Structures are given as structure tokens and as C-alpha cells.
2 protein chains.
Amino acid sequence: MNSDALRGHMDALILSVLEDRPLHGYAIIEALQERSGGALNVPTGTLYPALRRLERIGYLTSEWATVGGRKRRTYRLTAAGRRQLAGERSAWQAFTAAIGSVLTPRGAG
Amino acid sequence: MNSDALRGHMDALILSVLEDRPLHGYAIIEALQERSGGALNVPTGTLYPALRRLERIGYLTSEWATVGGRKRRTYRLTAAGRRQLAGERSAWQAFTAAIGSVLTPRGAG
DNA sequence: GCCTACATATAGAGAGTCTACATATAGCGT
DNA sequence: ACGCTATATGTAGACTCTCTATATGTAGGC
């Protein structure tokens, strides 16, 4: 599963996996896979530009680190990012309620 | 509510409101508003191109009619459209399950 | 005559996701 | 030494859909 359905929901996903602890890009991809039960396979060409965008907006900050000889850029939620995450969550509820009520079969009634 | 979140879900919405009976474009917009409790306001610049695309793909057929002096183009689901609708519904279930499990807060656990 | 509701349609902008490619280190097996 | 896989970040360009704005026309109420 994937395609373009994620469009517009990537922000919420990224902010959500960063809620409890900072992570670097590669680890975010793995976290999304794990937490979705393998359903979400976000390509690097999607994630990295999204992270930069989120940082530019002010929802994330990043720091470089070297671990085991490999460079990592670790992303952390800002206060604005946490507020945005809360907003994304309620927007998600409204979104699924709206789509769900349209998608529910009505039968012949 | 609206924005770009609908991207990738318009097809399912349109096919779903056409499931029970054929409708013309304007009536589809109204049906989406009603069934979503006013949450979905699909602009004509979104709907009409989408209907043409769906017809081109083979999920819909259309017929012109004149009612009360006004011309209407009425869209009807094809057999392929009904199969697609079934697929869209199960895809929607998988989609919400995946996103939902990522968005669910984990606390300090 | 004017406004609103009904009804369809297109052009162009805009934005985000995807594919494909480029680069580099670490560790394993042979 | 060589190749492969996992780890790790990043960009360019194509793609596709949605949105805004605009255009056209009929019907009915005031």
C-alpha cells in the first residue's frame, strides 16, 4: 500500500513519530514501517524533502551527529511542532469522519 | 475543512455517491456536502475534471439530458466502477488503520 | 434589470510525492 | 581484495491531482 493517498498526511506522520523522542531520517522511515505494521514504506525522496520543509516552517529543528562513523541529522519537535501535531490529530479525526460517512454503503434505503 | 487532504480520495467519494443512483455533476457536489454533514465542499474545478478522468478510465459513463431547460450530464457507474469502488473501500480501511496506528499517542511507554 | 440558484467547463497555478540517481561508511562472507 | 547488504543523506525532474479564477448560459424571484 502507498501511492498518493499519503499526500497531505506526511506532516502528521512525521510529527507523530517524533513526539516522544528525536530521530534521524533513516530511523523515521523505520519507525513509520514498524508503527504501521509494515504498511508504510516512505521513500527517501519523499522523507528528506518533507523534513526540510517542516524545519523551514518551524515545526522541527535538526542537529548533526556522528555515530559509528556515519553522519546523522537528528530532528526534534519544536513547541510549534507539538501544537501542529495536536491540530493534525483533530484534523485527522474530522477527515476520517467525513470520508467515512460518504464511503459507508447506504443500500437501497 | 478541505485543502489538499482529499487528494487521492476523490475517486472513492465520487464512486460512492453514484453507487445507488446516477447523478449529474452539480448533484454530486450537493450529495457530498450532505453525506459529509457539510464538511466536504468540492469546487467545480475539482469535480468536473475528476468526472472526465473517471469516465476516460472506464469507471463511469455519461449521458446528456435536458431538465427544466437546463442541460445536465448524468454519470453512471460501470461494472468496472463498482469493482473499483469495492477496492477503494478496502484500501480506505487499510489506509486509516495504518495512519491511525502511527498517529495514536504512545505516551512515555 | 438584477441577483441568486442551477449547471457545466477550462486554463493555469501550485504543491507535494514518486522514481531514479548520486554519494559514502561499516560490516560480513568468501 | 571484492562484492553485497545495511546504514545514511540528499537532489533533479517528472507526474498528477486539486485549487483558484474565469467563462458561459438558463430559470425564477423581486
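Below, each value reflects all heavy atoms present in this structure, side chains not excepted, and no hydrogens, waters or symmetry copies. Predicted model, so just to flag it, every value in this text is computed and none were measured. Residue numbers begin at 1 in each chain, while the letters A, B, ... track the order of the sequences.
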Given that B:Gly45 and A:Gly8 both sit by DNA chain C, which one's nearest nucleotide is further toward the 5' end?
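Closer to the 5' end of DNA chain C: B:Gly45.
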Could you state the [atom1]-[atom2] distance from [X] to [N], rounded to the nearest angstrom?
| X | N | atom1 | atom2 | answer |
| --- | --- | --- | --- | --- |
| B:Arg52 | D:dT18 | CZ | P | 16 Å |
| A:Arg73 | C:dT25 | CZ | C1' | 19 Å |
| B:Leu47 | D:dT20 | CG | C1' | 16 Å |
| B:Met10 | D:dT16 | CE | P | 18 Å |
| B:Leu51 | C:dA7 | CG | C1' | 13 Å |
| B:Tyr48 | D:dA21 | OH | C1' | 16 Å |
| B:Gln33 | C:dA7 | CD | C1' | 15 Å |

Nucleic acid contacts of residues 57-66 of chain B, taken as heavy-atom distances under 4.0 Å to DNA chain C:
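The answer is B:Trp64.
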Between CG of A:Leu85 and CG of A:Leu18, what distance do you get to the nearest 0.5 Å?
9.5 Å
Any sub-3.5 Å donor-acceptor pair from [X]'s side-chain atoms to [Y]'s backbone N or O?
| X | Y | answer |
| --- | --- | --- |
| A:Arg35 | A:Glu30 | no |
| A:Thr66 | A:Gly69 | no |
| B:Thr78 | B:Gly81 | yes |
| B:Thr46 | B:Val42 | no |
| B:Ser62 | B:Thr74 | no |

Taking side chain as C-beta onward, heavy atoms only, is B:Leu54 less than 4.5 Å from B:Tyr75?
no
In short, salt bridge (Lys or Arg N to Asp or Glu O under 4.0 Å) pairs touching residues 61-83 of chain A with sequence neighbours left out are A:Glu55-A:Arg73
Given protein heavy atoms under 4.0 Å, the one-letter contact record of nucleotides 22-30 of chain D, with B base, S sugar-phosphate only and - none, is simply ----BS---
Could you work out, with salt bridge (Lys or Arg N to Asp or Glu O under 4.0 Å) as the rule, every residue matching A:Glu19, not counting sequence neighbours?
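Once residues adjacent in sequence are excluded, the partners of A:Glu19 under the salt bridge (Lys or Arg N to Asp or Glu O under 4.0 Å) criterion are A:Arg89.
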Apply side chain to side chain contact (heavy atoms under 4.5 Å, CB included) to residues A:Tyr59 and A:Leu77 and explain how you reach the verdict.
CA-CA 6 Å; A:Tyr59 297 158; A:Leu77 276 189; 5.5 Å; no
Please state whether the phosphate of C:dT8, meaning OP1 or OP2, lies under 4.0 angstrom from any side-chain nitrogen or oxygen of B:Arg72.
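For C:dT8, neither OP1 nor OP2 has a side-chain N or O of B:Arg72 closer than 4.0 Å.
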Phosphate OP1/OP2 of D:dT18 contacted by B:Arg53 side-chain N/O (<4.0 Å)
yes
Decide yes or no on side chain to side chain contact (heavy atoms under 4.5 Å, CB included) for B:Leu13 and B:Leu6, but give the supporting numbers first.
CA-CA 9 Å; B:Leu13 294 172; B:Leu6 290 175; 4.0 Å; yes
Verify the distance criterion only: is there a donor paired with an acceptor across the side chains of A:Gln33 and A:Asn41 at less than 3.5 Å?
yes
State, to the nearest 10°, the angle formed by the axis through the first five base pairs of the helix from C:dG1-D:dC30 to C:dT30-D:dA1 and the axis through its last five.
10°
Looking at residues 24-32 of chain B, who's got a heavy atom less than 4.0 Å off DNA chain D?
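Contacting residues: none.
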In terms of the nearest nucleotide of DNA chain D, which residue is placed more toward the 5' end: B:His9 or A:Tyr75?
A:Tyr75
Smallest separation among heavy atoms of B:Leu23 and B:Ala31, with atom names
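Shortest heavy-atom contact: CD1-CB, 4.1 Å.
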Using the six-membered ring wherever Trp is involved, compare the ring planes of B:Phe95 and B:His9 and label them parallel, tilted or perpendicular (cut-offs 30° and 60°).
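Tilted: the ring planes of B:Phe95 and B:His9 meet at 30° to 60°.
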